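Structure, as structure tokens:
The first residue of the sequence shown is numbered 1, and numbering continues consecutively from there. On a predicted model such as this, the values are computed, not experimentally measured, just so you know.
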Amino acid sequence: MFTGIIESLGTITKLDNRGNDIRLTVSSPTLDMTDVSLGDSIATNGVCLTVTEMGADYYCADVSAETIKLTGFAHYGTGSKVNLEKAMRPTDRLGGHIVSGHVDGVGEISKIIKHTDYIEFWVKAPTSLAKYIAHKGSITVDGISLTVNEVSGAEFMLWIIPHTLQETIMSTYKVGTRVNLEVDVIARYLERLMMGDSAASTDTKGIDMAFLAENGFLKR
């Protein structure tokens, strides 16, 4: 479990193809590894990875073909910068929101507008995730806990202050950059809960407008 508050930046220094997966090496001279053990989790651009080898300023993790296919890892290479966060402890402050490190989809930066005190980023999410993204709700972008400032269809807007740009890889974003997205876990569980007993049916496709109307959630 993570909070979406980035602790450090890392650099992918090695990618070893191992057939069905890739052994990834991430170096970070600023990430405190003294309390990390083999088997611990580190969110790497929002993807929960298990540490299989480590040193004072690096760690290795195995990334499966499925993870590569479903996340932005398909577009990373040696030298790519990544956001890093170690798994939270029960005594940590929950400064962001509850983040599982399980990416729901890959979005794309569609527009960047510079303002005096902040930068406005527009992100185009996969259509299937649009229903989970709400105005003033939380979303995780490359592991960063952020607040949605505006929503337009499957696109959403973020106001990013200079501190966030400085402490994360968002300063490198350009129009067309692909980013890992994780929607608010509460929204996912709420959808399942609203389905009631029908959630057990193999024919159930999920909640849509017809489902809401049929179950009395919309006024006729």
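Ser28 and Gly10 get closest at one heavy-atom pair: CB-CA, 4.0 Å. Listed here is the closest heavy atom pair of Ile98 and Met1: CG2-SD, 3.3 Å. The minimum heavy-atom distance between Val82 and Asn45, with the atom names listed, is CA-OD1, 3.3 Å. What you find for Val148 and Leu158 is that their closest heavy atoms are CA-CD2, 4.3 Å. Nearest approach of Ser100 to Cys48, heavy atoms of both residues: O-CB, 4.1 Å.
Atoms OG1 and NE2, on Thr71 and His75 in that order, are 8.5 Å from each other to the nearest 0.5 Å. Atom CZ of residue Arg188 and atom CG of residue Asp184 lie 8.5 Å apart, to the nearest 0.5 angstrom. Here the OG1-CG distance, from Thr44 to Leu24, works out to 6.5 Å after rounding to the nearest 0.5 Å. Ser145 contributes atom OG, which lies 10.0 Å from atom CD of Glu182 (distance to the nearest 0.5 angstrom).
At a threshold of 4.5 Å between non-hydrogen side-chain atoms, the residues Thr164 and Met170 count as touching. At a threshold of 4.5 Å between non-hydrogen side-chain atoms, the residues Glu191 and Tyr132 count as touching. With contacts defined as side-chain heavy-atom distances shorter than 4.5 Å, the pair Asp117/Ile161 does not qualify. The closest side-chain heavy-atom distance from Thr168 to Leu165 is not below 4.5 Å. In this structure the side chain of Leu181 never reaches within 4.5 angstrom of the side chain of Asp104, judged on heavy atoms. Within the 4.5 Å cutoff, the side chain of Ile119 has no heavy atoms near those of the Ile113 side chain. The closest side-chain heavy-atom distance from Val179 to Val106 is not below 4.5 Å. At least one side-chain heavy atom of Trp159 sits less than 4.5 Å from a side-chain heavy atom of Asn149.
For residues 63-79, the set of pairs meeting the salt bridge (charged side-chain N to carboxylate O under 4.0 Å, His left out) definition, not counting sequence neighbours, comprises Glu66-Lys69. Under the salt bridge (charged side-chain N to carboxylate O under 4.0 Å, His left out) criterion, no residue pair touches residues 152-161, with sequence neighbours excluded.
Shown here are the side chain to side chain donor-acceptor pair (under 3.5 Å) partners of Asp62, two or more places apart in sequence or in another chain: Arg23. Legend: residues meeting side chain to side chain donor-acceptor pair (under 3.5 Å) with Glu120, ordered by chain and number and at least two apart, are His115, Trp122. Partners of Thr25 by side chain to side chain donor-acceptor pair (under 3.5 Å), not counting sequence neighbours: none found.
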| said: The test is side chain to side chain donor-acceptor pair (under 3.5 Å); show your working for Thr3 and Glu85 and say whether it passes. | reply: CA-CA 8 Å; Thr3 68; Glu85 181 192 357; 2.9 Å; yes
| task | Could you walk me through whether Glu150 and Lys136 pass the salt bridge (charged side-chain N to carboxylate O under 4.0 Å, His left out) test, one step at a time? | result | CA-CA 7 Å; Glu150 189 175 329; Lys136 297 301 181 182; over 6 Å; no
| request: For Thr30 and Leu9, run side-chain contact (heavy atoms from CB on, under 4.5 Å): C-alpha distance rounded to whole Å, both residues' side-chain angles, the deciding distance at 0.1 Å, then the answer. | output: CA-CA 8 Å; Thr30 57; Leu9 296 180; 5.7 Å; no
| field | Stepwise side-chain contact (heavy atoms from CB on, under 4.5 Å) test for Ile112 and Ile109 | value | CA-CA 8 Å; Ile112 300 175; Ile109 303 297; 3.7 Å; yes
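A side-chain contact (heavy atoms from CB on, under 4.5 Å) with Tyr59 is found for exactly one of Thr52, Val51, Thr50, namely Val51. Here the options are Thr11, Leu49, Leu84, Asp57, the test is side-chain contact (heavy atoms from CB on, under 4.5 Å), and the partner is Val26; only Leu84 passes.
Taking hydrophobic clusters as Ile, Leu, Val, Met, Phe, Trp and Tyr residues chained together by side-chain heavy-atom distances below 4.5 Å, Tyr76 shares a cluster with Val47. Following chains of ILVMFWY side-chain contacts shorter than 4.5 Å, one cannot reach Ile6 starting from Ile42, and the two form parts of different hydrophobic clusters. The hydrophobic clustering, which links ILVMFWY residues whose side-chain heavy atoms are closer than 4.5 Å, places Phe2 and Val185 apart. When hydrophobic clusters are built by joining Ile, Leu, Val, Met, Phe, Trp and Tyr residues whose side-chain heavy atoms come closer than 4.5 Å, directly or via intermediates, Val99 is not grouped with Ile144.
Using a 3.5 Å distance cut-off with no hydrogens or angles, the side chains of Ser171 and Gln166 do not pair a donor with an acceptor. A side-chain donor-acceptor contact under 3.5 Å links His97 and Thr140.
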Expected list for residues 31-40: side-chain donor-acceptor pairs under 3.5 angstrom, two or more places apart:
{"from": "Asp32", "atom 1": "OD1", "to": "Thr34", "atom 2": "N", "distance (Å)": "3.0"}
{"from": "Asp32", "atom 1": "OD1", "to": "Thr34", "atom 2": "OG1", "distance (Å)": "2.6"}
{"from": "Asp32", "atom 1": "OD2", "to": "Thr34", "atom 2": "OG1", "distance (Å)": "3.3"}
{"from": "Asp35", "atom 1": "OD1", "to": "Lys86", "atom 2": "NZ", "distance (Å)": "2.9"}
{"from": "Asp40", "atom 1": "OD2", "to": "Ser37", "atom 2": "N", "distance (Å)": "2.8"}

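The aromatic rings of Tyr173 and Phe121 sit perpendicular to each other, their planes meeting at more than 60°, with 30° as the lower class boundary.
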